[in-house]
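Throughout, a chain's letter reflects where its sequence line sits, starting with A, and its residues are numbered from 1.
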There are 2 protein chains.
Amino acid sequence: MNYELILNNIARHIPLDKEETDYFVSRITFREFPKKALLLKEGQVCNLLSYVHSGALRAYFIDGSGKESTIMFAVPDWWVTDMYCFLNGRPAMMYIEAIENSCIFQIRKEDLDELYIKVPKFERYFRILMQNAYTREQLRVIENLSLPAKERYNNFLDKYPHIARVVTLKQIASYLGITPEFLSAIRKSK
Amino acid sequence: MNYELILNNIARHIPLDKEETDYFVSRITFREFPKKALLLKEGQVCNLLSYVHSGALRAYFIDGSGKESTIMFAVPDWWVTDMYCFLNGRPAMMYIEAIENSCIFQIRKEDLDELYIKVPKFERYFRILMQNAYTREQLRVIENLSLPAKERYNNFLDKYPHIARVVTLKQIASYLGITPEFLSAIRKSK
DNA sequence: AAAAGTCCTTAAGGTACCTTAAGAAATTCA
DNA sequence: TGAATTTCTTAAGGTACCTTAAGGACTTTT
C-alpha cells in the first residue's frame, strides 16, 4: 500500500513521529471502487470519512422533485464525506459515487474520535481541513449569490481545471445549479 | 465584564481549568459597537475574530456591480469574521456591521495562534466550530441550488426565527439572493 | 458488431426572478 | 416635532434560466 500521498498531506500541517504515523496508518483502511460504484447512498449510515488517493468521486444530492445537485467533486488528495451526517450520526442525505476507478483510504468515525484522543495533534490537522472547507463553501455561496451562470462556469474552469477535464458537462451543470441545456448555450456564446 | 456566555459556550465543548480560563480571558478584548458601526470594511486588514455577546452583526459582500449579498447574520453566542482573509492574512472581502448596539469580544489572529500552542484544547474547540460552520454553509449551498426562493424564505424563518425578528426584509432578501421586491411578492403570495 | 444507454446540443415556448419607478409607511435625525 | 432617510410594497416590462422534445455523437453492454 502506498501511504506517501496521504502522509505528505498530513505532514504539510502537523509533524508526526514514527509511532503516531503507525497508529494513524493502522486506523485507516484501503478500498478500491470501480467507476460508477456508490460509496454512500441517501439513508445509509455515514460513519466513514474518505480520502481520495487516486481516481475521482462526486458527492450529490437528490431533491424532492428528483433533481440532482452536485455538492462537490473529490480528486486525489481530497477528503470527502457527508460531513453533517458523519458528525451527527444521521442517515446520509447525499450520494457519493466513483466517477473513475478510484483508490480510497477510509477512517471510521469512532476511530477518528479515538485518534483525536490518542494523538491530539490531529485536532489541529482536522481543524485546518475544516477551516479550508468552510471558507471554500462560503466563497461558493457568495459566488452563487452574486454571479451569473456564465461567470460561475468560467470561475469553475479557472479554479478546478483538473476536475473539469475529468467530469461530464452534465455534472458541471449540476454543480453550478443550471441545466445541461443552459450550460450548452453558455459554452456556445463564448 | 460578563464572561459567562462565552465561557459557557467553550465549556460545552472542552473543559478548562482556572488557569486556562484566565489565560483565555486575558487574550480577548471587549468592545461595544453602536448600531450601524462597521467592525470590518472591504480592503482592511482582518486580524480579529469576533464573538457576539449581545446585539447583532451582519456580514456582507458588495460585488462589482454594487449589489450587496448578506453572507451571515451573527446573534448572541455566535462567532464571526471574514474567515478566509483572517486565516490567510488577506485584505478583507467583506463588510461586517452592527445592526443593533452590540457587545463584542474579540481575539487577534496572533493571540489565537498562540492560544493553540499554550492551550491545545482550543484546537478541538475551534475544530468543532469550523465543522459546524462548514456543514451549515454546505446545507446553504444545497438549499440555494435545489429550492426556489419561496421555500428558502420559509426555511429561513423556521431555522432563524430570532434573526428574522431583528433584521429587515431587505437584509433577508440579500441573504436569500433575491431582490426586496421579489421577497415582497413572495410574502404576499403566502 | 449491434443494441442500448448516456451525453451534448439545438430550438421553441414558459417561468422565476430582475429592473425601474413611484408611493405609502416606518424610522432616524436635526 | 418636522424633515430626511430608509423600508416595504405594487406594478409593468425585461432577462436569465427552465422545460420539453428531438437528433446526432459517444460509450457501455450484450
Side-chain angles (χ1 to χ4, degrees), chain A residues 33-38 55-56 58 60 62-70 73 95 97-101 141 143-157 163-190, chain B residues 33-38 55-56 58 60 62-70 73 95 97-102 143-157 163-190:
Chain A
F33 293 90
K35 186 167 180 171
K36 296 203 171 156
L38 283 180
R58 182 175 74 104
Y60 60 94
I62 300 184
D63 69 25
S65 67
K67 194 177 78 183
E68 249 182 47
S69 299
T70 293
F73 298 105
Y95 296 79
E97 74 168 347
I99 55 181
E100 296 189 317
N101 296 332
V141 167
E143 272 201 24
N144 286 173
L145 292 179
S146 63
L147 298 181
K150 184 175 184 171
E151 294 183 50
R152 271 152 42 215
Y153 175 59
N154 288 329
N155 286 355
F156 180 83
L157 296 182
I163 295 179
R165 251 174 266 127
V166 172
V167 305
T168 66
L169 292 174
K170 189 186 171 194
Q171 289 166 346
I172 295 179
S174 97
Y175 179 89
L176 298 174
I178 60 177
T179 58
E181 293 83 355
F182 190 55
L183 179 54
S184 220
I186 285 173
R187 284 159 53 83
K188 193 183 169 189
S189 80
K190 278 187 73 166
Chain B
F33 293 90
K35 187 167 179 170
K36 297 204 172 160
L38 283 180
R58 181 174 75 102
Y60 61 94
I62 301 184
D63 68 25
S65 67
K67 195 177 78 183
E68 247 181 50
S69 298
T70 293
F73 299 104
Y95 296 79
E97 74 169 346
I99 54 182
E100 296 188 318
N101 295 334
S102 299
E143 272 201 24
N144 286 173
L145 292 180
S146 63
L147 298 181
K150 185 173 183 171
E151 292 181 53
R152 273 154 36 216
Y153 176 58
N154 289 330
N155 286 356
F156 181 83
L157 296 181
I163 294 180
R165 252 174 265 124
V166 171
V167 305
T168 65
L169 291 174
K170 190 186 169 192
Q171 289 166 346
I172 294 179
S174 96
Y175 179 89
L176 298 175
I178 59 178
T179 58
E181 294 82 356
F182 189 57
L183 178 55
S184 222
I186 284 173
R187 284 159 53 83
K188 193 182 170 190
S189 79
K190 280 187 72 166

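- Atom CD1 of A:Ile186 and atom P of D:dC17 are 6 Å apart (whole Å).
- Both B:Leu147 and A:Glu181 lie close to DNA chain C; mapped to their nearest nucleotides by heavy-atom distance, the more 5′-ward contact belongs to A:Glu181.
- At C:dT9, one or more side-chain N or O atoms of A:Arg187 fall inside 4.0 Å of OP1 or OP2 (strictly under the cut-off).
- Between the CD atom of A:Glu151 and the P atom of D:dC17 there is a distance of 10 Å, rounded to whole Å.
- In this structure, the NZ atom of A:Lys170 is 14 Å from the C1' atom of D:dC26, given to the nearest Å.
- Among the atoms of the strands shown, none is found under 4.0 Å from any heavy atom of B:Lys67.
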Trace of the side-chain contact (heavy atoms from CB on, under 4.5 Å) decision for A:Tyr153 with A:Ile172: CA-CA 8 Å; A:Tyr153 175 59; A:Ile172 295 179; 4.1 Å; yes

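- When the side-chain nitrogen and oxygen atoms of A:Lys35 are compared with OP1 and OP2 of D:dT28, one or more of them lie within a distance under 4.0 Å.
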Verdict with supporting geometry, B:Arg58 and B:Glu97, salt bridge (Lys or Arg N to Asp or Glu O under 4.0 Å): CA-CA 5 Å; B:Arg58 181 174 75 102; B:Glu97 74 169 346; 3.1 Å; yes

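- Using a 30° and 60° split on the angle between ring planes, A:Tyr175 and A:Phe156 fall in the tilted class, from 30° to 60°.
- At a threshold of 4.5 Å between non-hydrogen side-chain atoms, the residues A:Arg152 and A:Ile178 count as touching.
- Atom CG in B:Leu183 sits about 12 Å away from atom P in D:dT10, given to the nearest Å.
- Phosphate proximity of C:dC18 to B:Thr179: present, with a side-chain N or O under 4.0 Å from OP1 or OP2.
- Going from atom NZ of B:Lys150 over to atom C1' of C:dT15 covers 15 Å, rounded to whole Å.
- Using a 4.0 Å heavy-atom distance criterion, A:Ser184 is classed as a base contact.
- For the pair A:Phe182 CZ and C:dG14 P, the interatomic distance rounds to 18 Å; values are reported in whole Å.
- Of the candidate nucleotides C:dC8, D:dC17, C:dC17, C:dC17 has the atom nearest to the side chain of B:Arg152.
- Residues A:Ser174 and A:Ser69 form no side-chain contact, since every pair of their non-hydrogen atoms from C-beta on lies 4.5 Å or further apart.
- Note: CZ (A:Arg58) to C1' (C:dT6) measures 13 Å, nearest angstrom.
- For B:Lys188, a side-chain nitrogen or oxygen approaches OP1 or OP2 of D:dA11 to under 4.0 Å.
- For the pair A:Leu169 CG and D:dA25 P, the computed distance is 17 Å after rounding to whole Å.
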